[in-house]
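Let me begin by presenting the structure, written as structure tokens, before commenting on it.
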Amino acid sequence: MTTRLQDTLTGETRPLDPLEPGHVRIYSCGPTVYGPAHIGNFRSFLFADVLVRYLRYRGLEVTWVMNVTDVDDKIIRGANEAGVSIGELADRWLERFRADARALRMTQPDVLPRATEHVDRMVTLIQALLEEGHAYRTEDGSIFFRIDSWPAYGRLARLDPDQLRVGERVEADEYGKGDVRDFALWKASKPGEPSWDTPIGTGRPGWHIECSAMSMAYLGESFDIHTGGVDLIFPHHEDEIAQSEAATGQPFVRTWLHCAHLRLGGAKMAKSTGNISSVVDLLDAGVSPRALRYALISVHYRQGLDYTPASLEAAAAAIDRLDTLVAALSAYSEARSDAPDLESELAAARSRFEAALDDDLNVSAALAAVFDLAREQNRRLAERSISTADAARALAMLRDLDRVLAILPDAADELPAQAAALLAAREAARTARDFAASDRLRDELAALGIGVEDTRDGQRWRRLEAVR
RNA sequence: GGCGACGUGGUGAAGUGGUUCAACACGGAGGUCUGCAAAACCUCUAUUCAGCGGUUCGAAUCCGCUCGUCGCCUCCA
């Protein structure tokens, strides 16, 4: 069974068939670094992360590129307001983005190219478009893509170009275009804006051309998968297809994957409407990053998802259930022979897990396989019907599946020295049957965020993940 | 106005013609275990899948209509 994915362009769910066998090339539209990322942004980044992790888990080589937009209207405005250069502003927010991504256990992309470092590539593309008659220059020196020159325009978004409601929301600074629907490839320099001196004039690149140039720079003129939020389908990705294929004559992307919106209060989470919840704010408020990750990835990527405090609490409880199992499997010790049927039980869980993810990344169903496995192992632990080695095998299986999900506690997590001392003291108190002291020490550990339980395997601890 | 997605229990959500098809998680009720606690396990928590009509031997799953929610057509993950 191979992994099947639903392509936005054709609507078909097809087996993944990389252009280069065994090597998948993926481009994800990344952040525009002018402010803090919100969790809706990260829903789409983490969806791509799970995809990358799963394909690697499956043994495929993956090259993952995520762009960073570091020049656009908002960055320019933000930099002017803050009295810094766009580079300084972008550096600041890119650093924050990296920190958020680390906290949420997003895989580091192989390349995080910045738009301002790839202007040459964009210029080359634009030159090709000008030569082929797909682009034209306006009086002020801006360059636009001529939509009429590309008959397939509108296919991705299933929009009829003639039906676009032009005139209602036309940007004031873009008159001079041959057709109001045409989009900017190059914006002529204006006072107070950064610009580049290039063979096509002095100015700065439009947004859409960035992604075409940077994806091709690292992945080639044709590559396997392009991801982003559904709100990028039109016009961003539609424009990318038009300009890329018009410039190269090659099919641009084989599979388009789009992540549905995260909603807050019933409406799409978006900076422009202000109903956002930033990752920084949540983490600063003490929200467990693993719970947040779980909440964001546990629903199928093409399904809308409502963000509520309750969803985060449910996620934290689910995570805690797995944490407890990991702690129990680690602490378990029983001198007896191996359970003969464990191996097949673990294998069955793995195959359910893989079948779910192969089916267009059905994370909910994959999690169901993990939680069923958890219940089975908890039962065996309670019955003491497995060996110490069996427990280690079950834990190894969970950890292996977690290469995709990345929600389990850190394997290298060590008890802080202070807590370790309290735990040792509690051990001594319990040996002396001094339960008053034992209970007091348990409270002290809880205050440090360490939960302690007494079991046949001795004291067992786990971190208590805060929700808020 | 055009295009599209969706509507499953107290909540989130999987399931897209039959065979444990109503998963899984959260929450709730009862029980077992336990110094206490916690955790875990067991049992229960949707004769029913927005409503109506149709196709079929058989539908949550296909078709039609109605109602409702959301999204795109503009920057946006």
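Heavy-atom basis, side chains included; hydrogens, waters and symmetry copies ignored. Convention: sequence-line order gives letters A, B, ...; per-chain numbering from 1. Worth saying up front: this structure is predicted, and the values here are computed from it rather than measured.
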- [ ] Using a heavy-atom cut-off of under 4.0 Å over every strand shown, decide if A/Ile233 touches base, sugar-phosphate, or nothing.
- [x] nothing

TODO: Determine, for A/Lys190 against A/Asp140, whether the closest basic-nitrogen to carboxylate-oxygen distance falls under 4.0 angstrom.
DONE: no

- [ ] Measure from CD1 on A/Ile39 to C1' on B/rA77 and round the result to the nearest Å.
- [x] 12 Å

TODO: May I have the distance from A/Ile297 (atom CD1) to B/rC24 (atom C1'), rounded to whole angstrom?
DONE: 14 Å

Open item on the list: What's the closest nucleotide to the side chain of A/Ser364 if the choices are B/rA14, B/rC3, B/rC24?
Closed with: B/rA14

Task: Whole-Å distance separating the NZ atom of A/Lys268 from the C1' atom of B/rA5 - done: 14 Å

Open item on the list: By the 4.0 Å heavy-atom rule, please label A/His236 as base, sugar-phosphate, or nothing.
Closed with: nothing

- [ ] Please work out which of the three classes, parallel, tilted or perpendicular, describes the rings of A/Tyr301 and A/Phe47, given edges at 30° and 60°.
- [x] parallel

Task: Pair A/Arg440 + A/Asp434: basic N to acidic O under 4.0 Å - done: no

Open item on the list: Quick check on RNA chain B: between A/Phe234 and A/Gly228, whose nearest nucleotide comes earlier from the 5' end?
Closed with: A/Phe234

Task: Nearest-Å distance once atom C1' is located in both B/rC33 and B/rG27 - done: 23 Å

Open item on the list: Angle between ring planes, A/Phe183 versus A/Tyr153, binned at 30° and 60°: parallel, tilted or perpendicular?
Closed with: parallel

- [ ] Tell me which nucleotide among B/rA14, B/rA25, B/rA77 gets nearest to the side chain of A/Phe371.
- [x] B/rA25

Task: For A/Asp320, salt bridge (charged side-chain N to carboxylate O under 4.0 Å, His left out) partners two or more places apart - done: A/Arg462

Open item on the list: Within the 4.0 Å heavy-atom criterion, would you say A/Gly40 contacts the bases, only the backbone, or no part of the nucleic acid?
Closed with: base

- [ ] Remember a base hit wins even if backbone is also touched, and classify A/Gly266 as base, sugar-phosphate or nothing at under 4.0 Å, heavy atoms.
- [x] sugar-phosphate

Open item on the list: Using the C1' atom as the point on both nucleotides, what is the distance between B/rC6 and B/rA60, in whole Å?
Closed with: 14 Å

Open item on the list: Mind checking if A/Ala37 touches a base, just sugar-phosphate, or nothing, with heavy atoms under 4.0 Å?
Closed with: nothing

Open item on the list: Counting only side-chain heavy atoms from C-beta out, which of B/rC26, B/rA77, B/rC70 sits nearest to A/Ala317?
Closed with: B/rC26

- [ ] Would you mind classifying the nucleic acid contact of A/Ala318 as base, sugar-phosphate or nothing, using non-hydrogen atoms under 4.0 angstrom?
- [x] sugar-phosphate

Open item on the list: Using a 4.0 Å heavy-atom cut-off to protein, can you give one letter per nucleotide of nucleotides 35-43 of chain B, 5' to 3': B if the base is in contact, S if only the sugar-phosphate is, - if neither?
Closed with: BBBBSSSS-

- [ ] Answer yes or no: is there an ion pair linking A/Arg336 with A/Asp390, defined by an N-O contact shorter than 4.0 Å?
- [x] no

TODO: Give the rounded distance in Å between these two atoms: NE2 of A/His300 and P of B/rC6.
DONE: 11 Å

TODO: Give each stem of RNA chain B as a range with a range, requiring at least 3 consecutive Watson-Crick or G-U wobble pairs whose two distances are under 3.5 Å.
DONE: B:1-7 with B:67-73, B:10-12 with B:24-26, B:27-32 with B:40-45, B:50-54 with B:62-66

Task: Atom-to-atom span, CZ of A/Arg456 to P of B/rU32 - whole angstrom - done: 19 Å

TODO: Give one of base, sugar-phosphate or nothing for A/Asp372, where a contact means two heavy atoms less than 4.0 Å apart.
DONE: sugar-phosphate

Open item on the list: Taking only the P atom of each, what is the distance from B/rG9 to B/rC52 in whole angstrom?
Closed with: 15 Å

Open item on the list: Between A/Asn362 and B/rC24, is there a contact of a side-chain N or O with OP1 or OP2 at under 4.0 Å?
Closed with: no

- [ ] Take atom P in B/rC75 and the same atom in B/rG17, then report the distance between them in whole Å.
- [x] 39 Å

Task: Rounded C1' spacing from B/rG71 to B/rA77 in Å - done: 14 Å

Open item on the list: Tell me the interatomic distance from A/Asp360, atom CG, to B/rU16, atom P, rounded to whole angstroms.
Closed with: 12 Å

Task: Distance, C1' atom - from B/rA46 to B/rU55, rounded to whole angstrom - done: 26 Å

Task: Electrostatic pair A/Asp454:A/Arg430 at N-O distance under 4.0 angstrom - done: yes

- [ ] Give a yes or no on whether a salt bridge exists between A/Arg380 and A/Asp341, defined as a side-chain N under 4.0 angstrom from a carboxylate O.
- [x] yes

Open item on the list: Taking the P atom in each of B/rG31 and B/rA38, what is the distance between them to the nearest angstrom?
Closed with: 14 Å

Task: Carboxylate-amine/guanidinium proximity below 4.0 Å for A/Asp360 and A/Arg4 - done: no

Open item on the list: Please verify the inter-ring angle class for A/Phe45 with A/Phe42; under 30° counts as parallel, over 60° as perpendicular, anything in between as tilted.
Closed with: perpendicular

- [ ] Check the distance between B/rC24's P and A/Phe353's CZ and give it to me in whole angstrom.
- [x] 17 Å

TODO: Look at all strands and tell whether A/Lys271 reaches a base, only sugar-phosphate, or nothing, counting heavy atoms closer than 4.0 Å.
DONE: sugar-phosphate

Open item on the list: Using a 4.0 Å heavy-atom cut-off, does A/Pro31 contact any base of the nucleic acid, only the sugar-phosphate backbone, or nothing at all?
Closed with: nothing

- [ ] Pick the P atom in B/rC24 and in B/rC41, then give their distance to the nearest Å.
- [x] 12 Å

- [ ] Check every strand shown and say whether A/Ala314 touches a base, only sugar-phosphate, or nothing at a heavy-atom separation below 4.0 Å.
- [x] sugar-phosphate

TODO: Check whether any side-chain heavy atom of A/Pro109 sits under 4.5 Å from a side-chain heavy atom of A/Met106, and report yes or no.
DONE: yes

Task: Rounded interatomic separation in angstrom, taking CD from A/Gln303 and P from B/rA13 - done: 6 Å

Task: Pair A/Asp148 + A/Arg146: basic N to acidic O under 4.0 Å - done: no

- [ ] Determine the contact category for A/Leu262: base if any of its heavy atoms lies under 4.0 Å from a base atom, sugar-phosphate if only primed atoms, P, OP1 or OP2 are that close, otherwise nothing.
- [x] base

